[in-house]
Amino acid sequence: MTATLTPPAAGPAASVRAGSVPRRRTRLLALPEVRWAAAATALFLLALPLQLAGAPAWIWGPLYALSYATGGWEPGWEGLKALRDRTLDVDLLMVVAALGAASIGQVMDGALLIVIFATSGALEALATARTADSVRGLLDLAPATATRIAADGSEQTLPVDELAVGDTVLVRPGESIGADGRVLHGASEVDQASITGEPLPAAKGPGDEVFAGTLNGTGALRVRVERDASDTVIARIVRMVEEASETKAPTQLFIEKVEQRYSLGMVAATLAVFGVPLAFGEAFSEALLRAMTFMIVASPCAVVLATMPPLLSAIANAGRHGVLVKSAVAMERLGQIDAVALDKTGTLTEGTPRVVDVRTLPERGLDEADLLTLAAAAEHPSEHPLARAVVDAARERGLDLPAAEDFTSSPGIGVRAVVGGRTVEVGAPARLLAEPEPEPGAEAEVEVEVEVESECAADADADADADAGGDTDGVVAALARELEESGRTAVLVVVDGTPAGVLGIADRLRPDAAASVAALTVLTGTAPTLLTGDNPRAAAHLAAEAGIEDVRAGLLPQDKVGAVRELECAGYRVMVVGDGVNDAPALAAAHIGVAMGRAGSDLALETADAVIVRDELAAVPATVALSRRARELVVQNLVIAGVFIAGLVVWDLAGTLPLPLGVAGHEGSTVLVGLNGLRLLRDTAWKRAAAEGTG
C-alpha cells in the first residue's frame, strides 16, 4: 500500500484529478440559437404586459413583430431548405401557423408559439455543445509530453504523439502516464479511475499493463509503449462517445413521427378549402376567410401542447426531487425502457472504501480498538484511499491516534511507522508475509563456543518459534482469504515484526440499492445487469447483496458498450446508470443514459440524458414510473386534441364556423390539454411514481 498519490505542482497532471475531465464550457451566449431565443423571449415579455394593459397597438405590435423575426427566422429558413429537398417539417408549419394567427388578429398566440419553438431549439443546441466540450476535454487527461529513454540511457522529452510502439518511457511519481503500454521495470500503484471506474489504485509491477491518462503513484515506472497515441484506451473512449452520439437515432416525440403526413395533409386541405369554393363561384374574401379559419382550427398547436406539457411537467417535478432530465425526448425514453444495466462503484455502492471488518489475533493481546489505533496512527500521514478508510474508521470510533514517527511507504507493499515505540507495518498480506531477504554476512554471525546442551536448547527454541511463526502466517493467510472471498480488500497489520490482525475494507452498498434493483425489475420485467471494471469476486459478492444475477466484471469501456449492444440486439431498450468517464460510452450508446451526480465525472454528466443530482438510487425507478405516467397523459391529450380538431374542421367544412368561435374552440382545446398535462406538477404525482417505483 503506497502513501500519497499527489501529482507534482507542474505539468498536466497537476490540475487534473484522475477520473475527472477538465472543464471546457461553451459560453451560453456563444451559441446563436441561444441568442435568438433569448431575444425573442425578451421581446415577447415586453409586448405581453403592454397588450394586456390596453396600450395602443402601435406600441406592442412592433415588439411582437420583432419577436416573430428573431425567434422564427431560423426554423423558417430550415423549413424552406427542407422544402427544397421536398420535405415538410412541423417547424415550418408552426411558423406558417403563427403568421396565420397574426393575420387574423391572434398576434400574441403566434408569438408564444414562436418563443416555444425557439427555446426548444436553443436547449438542444446547448446540450449538443456541452457534450462536445466534455468529449474534447477528455483528451486532456493524457499528458502532452512524455520522457522517452533512448538506447544509450539518455532521456528525451517529446510530445506523446511522437511516441512509437516499442519505445520505453519513464513515468515519474505523480505523473500521468502518456501511453498505453506494459511495465518493464519499477513498482508503483496507479489510479485507473478514468479507465476502470474503480476508486482504489492498482498495484503495478513488471509485466502489468498501464493506460494513458491514468495517474502514477509514488514509484517510478519504465513502460514499453504498445499502442499509438490515436489508439489508446482514452482515445477510443472519445471515439466511442462521438460515434454513439452521432449514430443513436433520436427518439421522436409522437407528433414528430407523423409530422410529414400531417403537414402535407394540412397544407393540401387548406389549399383545397380555399380553391374549391372559389372555383365554384364563392367570393374571394369568403373563401379566404373559410380557409384561414380551417388553417387555424386544424393547426397542430393543440397537438404540440398535448405532447409537451406532460413531459415538461414531469421534468419539472423530477427536478424538484433531485433528478435532472435534460429534454422531453429523454423523459419520453425513460418510460420506454425494458432493460437496465448498472455500474458498480459510485452507482450501486457509495464509491468510498470503508473498514467493515476488524479481525485480531488473540495471542498478540490486542483488542479491536488497539489494533485499529495502531493501524490508523501508522496510516495517518498517507493519503492513499485505503489509508483514509482506516483513519476514518478510527475517528468514527472516537479513538485517539498517537503520533507516528519514521514514516516510510513502499509502493505496492504498504507503510511502516513507529507508533508509541512499536514498529507498525500496514499493507498487503501477500507482500508483508513474504520471506525477508537475509542481511549480507548474517550467515557468518554464529557463536561456536557454546556448550552442547545450550546449543540443543537454543535449536529447540528456534524450532518452536519457527513453528509458531508458521502457524501465525497460516492463520493470517486464512483470514485474508476469507475476507477477500467475501468481497473485501484485506489489509494486514504487523506489530514489531509479528502479524497482529487483519482489516477488511470494502465499498459499501447504497442503503437503497437492493430496493431499487427490485423496483427496476418490476417496472421493466427484466432483472438488471451489473457492468463493472472490478474483479469478478468482489462484483459477484456485491451483486448478490443487491439481488443481481447477471454480473459482467473486469470490463473496459468498450466492453461495456459491447454489453449494451448485445442487449439491444436481443430486442431490449436499455437504460445505463453510471458515474465515471469509463461509463460515458455506454451512457451514449444506450437508449437512455442516467448519471449519478455527486461523484459523476464531467463527461458522464454531459453524456447522460438524465442526472441523479442527490445520488439517491431510488429516484431512478421513481423517474421511470413518472415518465410512464407522462406518456399516459400524452395519449389522453392527443385524443382530446384530435376530437376538438375533428369537430371544428367538420363544422367549418359542413357549415359556416364563425372565425371567433373557431379561434375560441382552438384555444380552448389548447388550454384544456395544457392544464391536463400540468397535473404532473403536483407533489402527489411524484409520490405516486415513487410508490410505483418501490413496487
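Along the sequence shown, residues carry numbers from 1.
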Going through the checks in order, is the side chain to side chain contact (heavy atoms under 4.5 Å, CB included) test met by Asp228 and Val165? CA-CA 6 Å; Asp228 290 330; Val165 175; 3.6 Å; yes
[X] to [Y] - nearest heavy-atom pair and separation:
{"X": "Ala586", "Y": "Val564", "result": "CB-CG2, 4.1 Å"}
{"X": "Ala389", "Y": "Ile505", "result": "CB-CG2, 4.2 Å"}
{"X": "Ala553", "Y": "Ala539", "result": "CB-CB, 3.8 Å"}
{"X": "Ala622", "Y": "Ala689", "result": "O-CB, 3.4 Å"}
{"X": "Gly346", "Y": "Asp579", "result": "CA-OD2, 3.7 Å"}
{"X": "Asn317", "Y": "Trp686", "result": "OD1-CB, 3.6 Å"}

Check for a donor-acceptor pair, side chain of [X] on one end and backbone N or O of [Y] on the other, with a separation under 3.5 Å.
{"X": "Arg182", "Y": "Gly207", "result": "yes"}
{"X": "Thr347", "Y": "Lys344", "result": "no"}
{"X": "Thr529", "Y": "Asp550", "result": "no"}
{"X": "Asp512", "Y": "Ala618", "result": "yes"}
{"X": "Arg510", "Y": "Thr349", "result": "yes"}
{"X": "Arg682", "Y": "Arg679", "result": "yes"}

So, Asp343 and Lys560, do they make that salt bridge, N to O below 4.0 Å?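 Counted as a salt bridge, because a side-chain N and a carboxylate O are separated by less than 4.0 Å.
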Atom CD of Glu209 with >12 non-hydrogen neighbours under 6.0 angstrom: yes
Paired with Asp507, the side-chain contact (heavy atoms from CB on, under 4.5 Å) test is passed by just one of Leu348, Leu542, Thr345, Thr489, namely Thr345
Here's a test for you: under side-chain contact (heavy atoms from CB on, under 4.5 Å), which of Glu568, Arg333, His591 qualifies with Arg573?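 By the side-chain contact (heavy atoms from CB on, under 4.5 Å) criterion, Arg573 pairs with just one of Glu568, Arg333, His591: His591.
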Close side-chain approach of [X] and [Y], heavy atoms under 4.5 Å:
{"X": "Val576", "Y": "Asp583", "answer": "no"}
{"X": "Met596", "Y": "Leu617", "answer": "yes"}
{"X": "Leu523", "Y": "Val340", "answer": "no"}

Show your reasoning for whether side chain to side chain contact (heavy atoms under 4.5 Å, CB included) applies to Val210 and Asn216. CA-CA 10 Å; Val210 293; Asn216 186 28; over 6 Å; no
Tell me the side-chain hydrogen bond (donor to acceptor under 3.5 Å, both in side chains) pairs involving residues 622-631, sequence neighbours left out? Arg629-Glu632
Side chain to side chain contact (heavy atoms under 4.5 Å, CB included), that's the test. Do Met575 and Val620 meet it? Break it down for me. CA-CA 10 Å; Met575 176 175 70; Val620 175; 3.5 Å; yes
Kindly compute the distance separating [atom1] ([X]) from [atom2] ([Y]), expressed to the nearest 0.5 Å.
{"X": "Leu633", "Y": "Leu638", "atom1": "CG", "atom2": "CG", "answer": "11.0 Å"}
{"X": "Ile645", "Y": "Ile640", "atom1": "CD1", "atom2": "CD1", "answer": "12.0 Å"}
{"X": "Asn676", "Y": "Gln636", "atom1": "CG", "atom2": "CD", "answer": "5.5 Å"}
{"X": "Glu332", "Y": "Asp609", "atom1": "CD", "atom2": "CG", "answer": "12.0 Å"}
{"X": "His321", "Y": "Ile612", "atom1": "NE2", "atom2": "CD1", "answer": "13.0 Å"}
{"X": "Glu226", "Y": "Asp180", "atom1": "CD", "atom2": "CG", "answer": "8.5 Å"}

Show your working on side chain to side chain contact (heavy atoms under 4.5 Å, CB included) between Val323 and Glu616 and close with a plain yes or no. CA-CA 9 Å; Val323 182; Glu616 296 173 351; over 6 Å; no
Check ring-ring contact (aromatic ring centres under 6.0 Å, His included) between His541 and all other residues, then give those that pass, not counting sequence neighbours.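 If we apply the ring-ring contact (aromatic ring centres under 6.0 Å, His included) test to His541, skipping adjacent residues, there are no hits.
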